**Student:** 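Attaching a single structure in structure tokens format; questions to follow.
A note on names: the letters A, B, ... follow the listed sequences, proteins ahead of strands, and every chain is numbered from 1. Since the model is a prediction, treat every value here as computed from it, not as a measurement.
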Amino acid sequence: MGRVLPLSFFNRSALTVARSLLGKYLVRRRNGAVAAAVITEVEAYVGPQDKACHAHRGRTARNAVMFGPAGHWYVYFVYGMHWMLNIVTGPQDYPAAVLIRGVGHWNGPGKLTKALGIDGCLNGKMTHRKSGLWIEDPGCLVPQNAMQRTPRIGVAYAEDWALKPYRFVLRKV
DNA sequence: ACGATGATGAAC
DNA sequence: TTCATCATCGTA
């Protein structure tokens with residue numbers, strides 16, 4: 001297996017972290033079994049000024065984790081049935097995160113959390129082996145031409161922020 | 001195109 | 001305490 005990404009990896013801008021996460025391995029351990037899948041699709045939610053970011057209207061009980069240190073999981077429930085998996089980025093007190101939308105052959109943020117057994121229990125936990133969910137660097141490079149940027153999905157309400165190209169997709173080269 | 005399904009946040 | 005909304009998905 002690869003190197004476990006340290007917290008410093010996440011203490012950068014959400015856009016930089018998002019880009020850098022493509023091609024890394026999301027690793028899940030539960031009941032002693034370990035599963036790993038390549039991260040293929042992510043979105044950056046860049047801060048309080050971002051109208052699509054949950055922190056845009058300030059701190060609440062739900063988004064509190066985004067205001068904490070980088071490298072912690074922000075997991076929330078939406079549409080009455082799906083868990084969304086995010087990783088907090090940037091400095092303490094600056095609310096930003098990256099949504100992990102696709103890994104391996106599971107495309108869609110709700111499907112991947114269901115497949116890997118991820119729910120609110122992981123909210124606020126750190127990304128390291130002990131939490132049962134972490135990210136590893138396999139060491140191979142992702143060619144630039146395999147990365148695609150598009151607007152984010154499902155944020156049409158965000159006005160001028162809806163069209164910003166903050167979604168990164170890894171496509172087969 | 002639409003309904004499932006329930007937490008969230010803002011208004012009252 | 002209501003009520004519209006929601007970083008989605010399966011079925012049609």
**Student:** What's the closest nucleotide to the side chain of A:P109 if the choices are C:dA7, B:dA4, C:dC9?
**Tutor:** C:dC9

**Student:** With a non-hydrogen cut-off below 4.0 angstrom, is A:M84 in contact with a base, only sugar-phosphate, or nothing?
**Tutor:** sugar-phosphate

**Student:** Using whole Å, what does the distance between atom P of nucleotide C:dC6 and atom NZ of A:K51 come to?
**Tutor:** 14 Å

**Student:** Figure out the CH2/C1' separation between A:W83 and B:dT8, and round it to whole Å.
**Tutor:** 12 Å

**Student:** Does the ring of A:Y45 meet both stacking tests against the six-membered base ring of C:dA7: centre distance under 5.5 Å and plane angle under 30°?
**Tutor:** yes

**Student:** By nearest atom, which of the nucleotides B:dA7, C:dA7, C:dT8 is closest to the A:F77 side chain?
**Tutor:** B:dA7

**Student:** What does B:dT5 pair with, Watson-Crick or G-U, if both distances are under 3.5 Å?
**Tutor:** none

**Student:** Establish, with yes or no, whether the OP1 or OP2 oxygen of C:dT8 is under 4.0 angstrom from a side-chain nitrogen or oxygen of A:R101.
**Tutor:** yes

**Student:** When you check the phosphate oxygens OP1 and OP2 of C:dC9, does a side-chain N or O of A:K114 lie under 4.0 Å from one of them?
**Tutor:** no

**Student:** Round to a whole Å and report the spacing from CG of A:L85 to P of C:dT8.
**Tutor:** 14 Å

**Student:** A:D50 and side-chain contact (heavy atoms from CB on, under 4.5 Å): which single residue from A:R152, A:K164, A:H56 fits?
**Tutor:** A:R152

**Student:** Classify the nucleic acid contact of A:R152 as base, sugar-phosphate or nothing, counting any heavy atom under 4.0 Å across all strands shown.
**Tutor:** nothing

**Student:** Counting N and O atoms only, with roles assigned by atom type, does the side chain of A:W73 sit under 3.5 Å from a partner on the main chain of A:L133, one being a donor and the other an acceptor?
**Tutor:** yes

**Student:** Grab the OH-C1' distance between A:Y166 and C:dA7 for me, whole Å please.
**Tutor:** 15 Å

**Student:** Rounded to whole angstrom units, what separation is found between the CZ atom of A:R57 and the P atom of C:dT5?
**Tutor:** 11 Å

**Student:** Once hydrogens and angles are ignored, does a donor-acceptor distance under 3.5 Å link the base of C:dA7 to the side chain of A:H54?
**Tutor:** yes

**Student:** Please check the phosphate of B:dT8 (OP1 and OP2 only) for any side-chain N or O of A:Y79 closer than 4.0 Å.
**Tutor:** no

**Student:** Rounded to whole Å, how long is the line connecting atom NE2 of A:H82 with atom P of C:dA7?
**Tutor:** 12 Å

**Student:** Does a sphere of radius 6.0 Å around CZ in A:R57 hold more than 12 heavy atoms from other residues, nucleotides or ligands, not counting ones at 6.0 Å or beyond?
**Tutor:** no

**Student:** Closest approach to the side chain of A:M81, judged atom by atom: which nucleotide of C:dA7, B:dA4, C:dT8 is it?
**Tutor:** B:dA4

**Student:** Can you tell me, in whole Å, how much space there is between the P of C:dT2 and that of B:dT5?
**Tutor:** 23 Å

**Student:** So, A:N86 side chain and A:Y74 main chain: donor-acceptor pair closer than 3.5 Å or not?
**Tutor:** yes

**Student:** Is a side-chain N or O of A:R101 found less than 3.5 angstrom from the main chain of A:E43, in a donor-acceptor match?
**Tutor:** no

